[in-house]
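What follows is a single structure, written as structure tokens, with notes after it.
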Protein chains: 2
Amino acid sequence: MDLIYLKSFMEAARCKSFTKAAENLGYVQSSVTTHIQKLEIEYGVVLFERIGRSMRLTSAGEQLYETFGRILELYEESKNRISRQVKGHLQIGTIESLIAFFLPDVFCRFRNAFPQISMQVYPLLEAGILQGIRSGQLDLGIMVDRPFADDDLHSLIIREEPLVLVAEPGHPLSKLGAVDVAALAGQSYIATETGCAYRGAFERLLRDHGVEYHVYNEFGSLEAIKQCVSFGLGIGLLPRIAVVRELEEGRLIALPFKHHEITFYTQIVYHKKKWLDPSIRHMIDLLMETEAESA
Amino acid sequence: MDLIYLKSFMEAARCKSFTKAAENLGYVQSSVTTHIQKLEIEYGVVLFERIGRSMRLTSAGEQLYETFGRILELYEESKNRISRQVKGHLQIGTIESLIAFFLPDVFCRFRNAFPQISMQVYPLLEAGILQGIRSGQLDLGIMVDRPFADDDLHSLIIREEPLVLVAEPGHPLSKLGAVDVAALAGQSYIATETGCAYRGAFERLLRDHGVEYHVYNEFGSLEAIKQCVSFGLGIGLLPRIAVVRELEEGRLIALPFKHHEITFYTQIVYHKKKWLDPSIRHMIDLLMETEAESA
DNA sequence: GCGCTTCCATCGAAAATATCGATCGATCCC
DNA sequence: GGGATCGATCGATATTTTCGATGGAAGCGC
């Protein structure tokens, strides 16, 4: 009786769907089916009524839902109680946009679970993060890049991170129904720092299409880029999360541009040889959880 | 996180010994060590202080002891609650001595867990039990025999079932310090039914040693045998559990006879192809548990 | 002090189990 | 009726669990 069965059951009961439950838990659907079957065999009763394509808990299932909930609660609580006593220090490398718009919430929840663990968060570029992980100076890296495989590093994709081409409201390109690469010819571009992964991909894309562009300025600061764009100094490529407020408030607009070569993913990176503390594991769990929420 | 880890932990904490915990749970010691290590890694803390050969829970261990206890309680409760609703019928074959002196307590506890499951218990001889299991007429057999292996049948040994040679108090053989096979020459023997496993083994033993004996009478009834023996009509071979009270009250005495060929075991027998209901599984668990208690 | 026993940790091999991915049949929706 | 979606099933693979043997440390008795 693995506790994962209970989790699958709870999630399936909540979603009323094995497929969704599997997605949320990071399994394939057949695994959840297996988990539920294990429980059904263990208890000798049917837990879900499968009427056509709709799902409902049987009465036995509902009784177990209560109890399993309490069991998992106790289990989580026990982990929290113990983890609160664990001391330590975490070195994390990440990029500026994530520090500002994605991580604060995660770090806050982490602090609740591990108040005795202090953290140092370094704003870096992708290359710096990878190097820090490789050298062991960093425990964990969180960055935005394309998926990659590496002999020494694990990479867990948290979610796709939509990148948007932002411009001032009323920018000529915004009049177009869709903006393709060619349409960007001759534009001024306010860039993030040299070495930024998606800047690199974007510029390569332009060059490959023979599109001339002009880097008007490059900044290590998000705020600076956003300001420059809103003043009409050029367009900028930024993660959507970094500009949601500006988009909502109409201070910036997103150009209808999309290209698979600049489909990027927020991902966790750590060394394969790294021993994963409960604290680091928890951090990873928290990071991965946000995927389900934002989905 | 398997619940078995929690069980191992609880048992180890109770016994203050991994080895004993393993014995009680039916594992080898190294498995319990592994379980505890899994927990220690999961929580990132040491759960047991291993000071020399003594064991003590650390403070983290004690906190978890509480919580794990409640988790397992909830789990057991959930099984009971569900199992109470399961209906069914169990066919069990066993021998008279066990019906009278071993099974009532087990059946009583079974009824508490599965009140909706009715049972039919057939008093049979070993051959009848095996045949019933093989033909599918019986779900479970509980009998006293020597260990055996069979392609179609599972056999779980519950415990050694000491057989005693009983006689009336003051019987000449009781004067001897030890009774060997030869000493039994010429004795009258009040036998259980033909086909009884330990009767068969006993008579074979006597014949193999060329000891002549006389079967004074044979009965299908324990009470009859005990009465006849106490009246001095002969000696009898019976499971110790069937005569403990008579021995305590001095109405019968046990002769100091022992021979490895009549070392018998109480065991559970069921068909390998048999699908084990939760109810049957529970019955087996209850039967196996008694081993720990009587040990 | 020295063997002897008992305990837990460790390791490799074997067995059991979980997971995935592909596929099937059923159902629902258009 | 065709397409999409859902859960069940199955075989292959990967992972985990279990066991049994062994090692080292600590206590016990002489």
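Computed from a predicted structure; not experimentally measured. In the text below, chain A, chain B and the rest are named by the order of the sequence lines, each starting its count at 1.
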Inset, instruction - Quick one: label A/Lys20 by what it contacts on the DNA or RNA (base, sugar-phosphate, nothing), any heavy atom closer than 4.0 Å. - result: nothing
Inset, instruction - Evaluate the ring planes of B/Tyr27 and B/His35, with Trp represented by its six-membered ring, and classify them as parallel (under 30°), tilted (30 to 60°) or perpendicular (over 60°). - result: perpendicular
Legend entry - B/Arg81, CZ atom: more than 12 neighbouring heavy atoms under 6.0 Å: yes
Inset, instruction - With a 4.0 angstrom cut-off to heavy atoms of chain A, pull out the first and last contacting nucleotide of DNA chain D, in 5'-to-3' order. - result: D/dT5 to D/dT9
Legend entry - Nucleotide nearest A/Tyr5 (side chain, heavy atoms from C-beta), chosen from C/dC7, C/dA18, C/dA9: C/dA18
Legend entry - Spacing between B/Glu49 atom CD and C/dA9 atom P, to the nearest angstrom: 13 Å
Inset, instruction - State whether a side-chain donor-acceptor pair under 3.5 Å links A/Gln91 with A/Asp139. - result: no
Legend entry - Residue list, side-chain hydrogen bond (donor to acceptor under 3.5 Å, both in side chains) with A/Tyr270, at least two apart or on another chain: none
Inset, instruction - Using atom CE of B/Met55 as one end and atom C1' of C/dA9 as the other, report the distance to the nearest whole Å. - result: 12 Å
Inset, instruction - Using a cut-off of 6.0 Å, state whether more than 12 heavy atoms not belonging to A/Arg134 lie near its atom CZ. - result: yes
Inset, instruction - Let me know the distance between CZ of A/Arg50 and P of C/dC28, rounded to the nearest Å. - result: 16 Å
Inset, instruction - Indicate whether any N or O donor in one side chain lies under 3.5 Å from an N or O acceptor in the other, for B/Thr33 and B/Gln29. - result: yes
Legend entry - Output field: ring centroids A/Phe110/A/Phe114 closer than 6.0 Å: yes
Inset, instruction - Assign each of B/Lys38 and B/Gln29 to its nearest nucleotide of DNA chain D by heavy atoms, then name whichever residue's nucleotide is nearer the 5' end. - result: B/Lys38
Legend entry - Separation of C/dT19 C1' from A/Ile36 CD1 (nearest whole Å): 15 Å
Legend entry - A/Phe68 ring center near A/Tyr5 ring center (under 6.0 Å): no
Legend entry - Closest approach of A/Ala197 to A/Val144 (non-hydrogen atoms, all atoms of both residues): CB-O, 3.7 Å
Inset, instruction - Could you identify which residues of residues 39-47 of chain A place a heavy atom less than 4.0 Å from some atom of DNA chain C, listed by residue number, or say none? - result: none
Legend entry - Upstream residue (5' side of DNA chain C) when A/Asp2 and A/Ser30 are each assigned their closest nucleotide: A/Asp2
Legend entry - 5' priority, DNA chain D, between A/Ser17 and B/Ser31 [closest heavy atom]: A/Ser17
Inset, instruction - Round to the nearest Å and state the distance from B/Glu23 atom CD to C/dT6 atom P. - result: 11 Å
Inset, instruction - Scan A/Thr33 against the nucleic acid and name what it touches under 4.0 Å (heavy atoms): base, sugar-phosphate only, or nothing. - result: base
